[in-house]
2 protein chains.
Amino acid sequence: MAVSCNLQTSLSHISIFPSTTKRQPIFRCRASLPTIVTTEPDLVFTSVKSFAPATVANLGPGFDFLGAAVDGLGDFVSLRVDSSVRPGHVSISEISGSSKLSPNPFFNCAGIAAIATMKMLNIRSVGLSLKLEKGLPLGSGLGSSAASAAAAAVAVNELFGGILGADQLVLAGLESEAKVSGYHADNIGPAIMGGFVLIKSYQPLELKPLIFPENKQLFFVLVSPEFEAPTKKMRAALPTEIGMLHHVWNCSQAGALVASVLEGDVEGLGKALSSDKIVEPKRAPLIPGMEGVKKAAIAAGAFGCTISGAGPTAVAVTDDEERGKVIGDAMVKAFMKEGNLKSVAMVKRLDRVGARLIDSVPR
Amino acid sequence: MAVSCNLQTSLSHISIFPSTTKRQPIFRCRASLPTIVTTEPDLVFTSVKSFAPATVANLGPGFDFLGAAVDGLGDFVSLRVDSSVRPGHVSISEISGSSKLSPNPFFNCAGIAAIATMKMLNIRSVGLSLKLEKGLPLGSGLGSSAASAAAAAVAVNELFGGILGADQLVLAGLESEAKVSGYHADNIGPAIMGGFVLIKSYQPLELKPLIFPENKQLFFVLVSPEFEAPTKKMRAALPTEIGMLHHVWNCSQAGALVASVLEGDVEGLGKALSSDKIVEPKRAPLIPGMEGVKKAAIAAGAFGCTISGAGPTAVAVTDDEERGKVIGDAMVKAFMKEGNLKSVAMVKRLDRVGARLIDSVPR
């Protein structure tokens, strides 16, 4: 069953109000995101801590509409009621794990998503203080911005009793994604919902969870090189027009990819993942060594390999953790040999849960 | 699991040998389709009768790679050993249900597929006589040519003990499809295998059956107007280049379509079926009334509606047979009102079996 929610989603009317009590910038949400809750809910906790997983999106022929969550890798958000923060406002008190992020909630993924979620919940009586722990590197192709946004949205929601559904939290997270990487839900969807998520439509937002069978094993081999993917070039590399034969091919592989996920057919999934004739062939040459890394992954036993997100991380799939390590080693060697790039490999399971509460202090 | 078979599939070397014993043209297959069986198999029956179902292909965003078989509508082939036919040859003795088809097996779908199957089985010792009963109108968009080819391929195979697998029979049928409508397996695949079939690739041929759950109901409402779809125009209407946004949209809908089939979600299936932004918008205006027929189908409760094959038949889906009849009536009225075309409606279940033996006489 698809999750559906028909909402306007522009935060263009957010206004900035300087804090009178603290030096950290504080913002009040006046977004056009509708208020879902008419009566302001009671606090259930005084503080919470949440986690949201990394995500792999684009996934070959799943470009721009399919993503999956990765277990044991992601961002943390701690959120507490803070009487020094103006009611209805949010303040970012601390960011660890990255020195590049703004503490201004209006320019911070976690901040934007927290503001959007507060708006949906109609929070006007308390102010919140947010601490972000980045577990994910920025710009790696692993859904770093989505993980921060997902963790923040879930933290705000849980603080007030978890009233909003996953679809609404995705909408809140999309406000953040729209600011940093475009209005695409293929990272924020699985970051919040876990597992594989297919983005059916945006107007209205329809998300289709694709359940990978519980009794099957799926491992992502993620190899991140020390290389900053040239975002502008990666976008410019996308073709604007696609020939009919390639279109039909990619559509059929997208169908096969979806079927393989639902059937728990990791071999089929890998094969489909590897089969993109439209985006990957244009982008791979922009990441030094990527084509050789893909060949090395498959030669080492991976069922398939492609670029994660817009790169530079390469993602391969296997159904065996030990084989995953061998594949990762081969990919690291290939990045060095073919691209002269140092890289690190991780073997991670599919995350089936998505963003969640991991700690809380009751009122 | 995908069915896979790596074979060359050109029948370009078929040679014509005039019969010396009968007036009907008779042909011997010298195709480059490989002989699968090295030792000629024994006859199991002296005669058989087979049935192969109609198929709906193209299916909105499933254009050119997804088709489904339709129960209770199709073609019949009767095949018998005939000592008056030169050994290793096939003769078409009778065609009923259509006056437009050639009795020359080289120019007849059933004949071409029978020849290809005989070649694969290495049949050299007996001659065969084939009778074709067309249950499907030609050029209606219901896979008429594929049904004839599928019935013939299965009949030949069963006569000799059913040695060939479904994938090999699809290859035999593809020889026929290549002659009449292009090298596409989205009709012949489901005509032989039943159910929904996704065509993953041609080199090698890989077919993925998509199992619609046994406990769910799916009905096709098929409405065929008295109108000859202008094949040339229908092909010329296909865009050669597709914008990235439409490509991503159709890919995502193809994924949703596949997921809906596997989950037995007829509502999702209908919605995805209806969502094509690439082919249907170009072709529908060439079939008088089609756009109104689609609207009428959905207004009458159909979950979705599109063009079947290259038309002119319109196909809608529902999970309720009685509602199917109401939908069919509404579509017939709309074809008359909007397109000034008479039409007939049928409500048919999904065929889950595909081409099969329905009668046989043992040796």
Side-chain angles (χ1 to χ4, degrees), chain A residues 1-2 4 58-66 184-186 196-203 206-211 213 235 237-265 267-268 271-272 275-279 282, chain B residues 1-2 4 58-66 184-186 196-203 206-211 213 235 237-265 267-268 271-272 275-279 282:
Chain A
M1 194 186 67
S4 173
N58 289 348
L59 287 174
F63 179 73
D64 253 11
F65 71 86
L66 188 66
H184 294 293
D186 46 343
F196 285 85
V197 177
L198 187 155
I199 316 304
K200 278 178 76 175
S201 75
Y202 288 94
Q203 294 294 342
E206 285 189 78
L207 309 168
K208 189 170 181 63
L210 302 175
I211 311 298
R235 288 195 185 165
L238 293 177
T240 51
E241 297 281 323
I242 293 141
M244 183 54 111
L245 285 180
H246 278 184
H247 163 70
V248 169
W249 170 262
N250 262 42
C251 268
S252 68
Q253 302 312 300
L257 180 57
V258 166
S260 299
V261 169
L262 292 173
E263 292 171 349
D265 170 11
E267 188 172 352
K271 208 167 167 182
S275 68
D276 175 19
K277 288 188 178 178
I278 295 171
V279 175
K282 299 285 187 188
Chain B
M1 196 187 67
S4 173
N58 290 346
L59 286 174
F63 179 72
D64 253 12
F65 70 87
L66 188 65
H184 294 293
D186 46 341
F196 285 85
V197 177
L198 186 156
I199 316 304
K200 277 178 78 175
S201 76
Y202 287 94
Q203 295 293 340
E206 285 188 79
L207 309 168
K208 188 169 182 64
L210 302 175
I211 311 298
R235 290 197 182 165
L238 293 176
T240 51
E241 297 282 320
I242 293 142
M244 183 55 112
L245 285 180
H246 278 183
H247 163 69
V248 169
W249 171 262
N250 261 42
C251 268
S252 68
Q253 303 311 300
L257 181 58
V258 166
S260 300
V261 169
L262 291 174
E263 292 171 349
D265 170 11
E267 187 171 354
K271 207 167 170 183
S275 68
D276 175 21
K277 288 189 178 177
I278 295 171
V279 175
K282 298 286 186 187

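All values below were derived from every heavy atom in this structure, side-chain atoms included, with hydrogens, water molecules and symmetry-related copies excluded. Quick caveat: nothing in here was measured; it's all calculated off a predicted structure. Just so it is clear: chains get the letters A, B, ... in the order the sequence lines come, proteins before strands, and each one is counted from 1.
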K.L.:
Is Ser252(A) in contact with chain B via its backbone, its side chain, both, or neither, using a 4.5 Å heavy-atom distance?
P.N.:
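Both parts, backbone and side chain.
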K.L.:
Has Asn250(B) got a side-chain atom pairing as donor or acceptor with Lys277(B)'s backbone, closer than 3.5 angstrom?
P.N.:
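Yes; judged by distance alone, with no hydrogens or angles, the pair exists.
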K.L.:
Tell me whether Glu241(B) contacts the main-chain N or O of Met244(A) through its side chain, where contact means a donor paired with an acceptor under 3.5 Å.
P.N.:
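Not a single qualifying donor-acceptor pair exists.
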K.L.:
What distance do Ser260(A) atom OG and Leu210(A) atom CG have between them, rounded to the nearest 0.5 Å?
P.N.:
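Taking OG in Ser260(A) and CG in Leu210(A), the distance rounds to 11.0 Å.
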K.L.:
Taking every heavy-atom pair that is under 4.5 Å apart, which of Ala254(B), Ala256(B), Ala272(B), Gly62(B) has the most such pairs with chain A?
P.N.:
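The residue among Ala254(B), Ala256(B), Ala272(B), Gly62(B) with the greatest pair count is Ala256(B).
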K.L.:
Could you state the interatomic distance from CZ (Phe63(A)) to SG (Cys251(B)), rounded to the nearest 0.5 Å?
P.N.:
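One gets 10.5 Å once the value is rounded to the nearest 0.5 Å.
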K.L.:
Taking the side chain as every heavy atom from C-beta outward, state whether Lys208(B) and Asp265(A) have any atom pair closer than 4.5 Å.
P.N.:
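Result yes, sub-4.5 Å side-chain heavy-atom pair found.
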K.L.:
Taking every heavy-atom pair that is under 4.5 Å apart, which of Lys271(A), Glu267(A), His246(A) has the most such pairs with chain B?
P.N.:
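Top count of heavy-atom pairs under 4.5 Å with chain B: Lys271(A).
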K.L.:
Chain B heavy atoms under 4.5 Å from Ile199(A): which part of the residue, side chain, backbone, both or neither?
P.N.:
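Backbone only.
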K.L.:
At a heavy-atom separation under 4.5 Å, does Val279(A) approach chain B through its side chain, its backbone, both, or neither?
P.N.:
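The side chain, not the backbone.
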K.L.:
Quick check on Ile278(B) against chain A: is it the side chain, the backbone, both or neither that has a heavy atom closer than 4.5 Å?
P.N.:
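Interface part for Ile278(B): side chain.
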K.L.:
Need one label for Ser275(B): side chain, backbone, both or neither, based on atoms under 4.5 Å from any heavy atom in chain A.
P.N.:
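When you check distances to chain A, no heavy atom of Ser275(B) falls under 4.5 Å.
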K.L.:
Tell me, for Leu257(A) versus chain B, whether the close heavy atoms (under 4.5 Å) come from the side chain, the backbone, both or neither.
P.N.:
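Contact with chain B involves no heavy atom of Leu257(A) at all.
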K.L.:
What I'd like to find out is whether the side chain of Lys282(A) reaches to under 4.5 Å of the side chain of Leu238(A), using heavy atoms alone.
P.N.:
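SC-SC contact between Lys282(A) and Leu238(A) ruled out.
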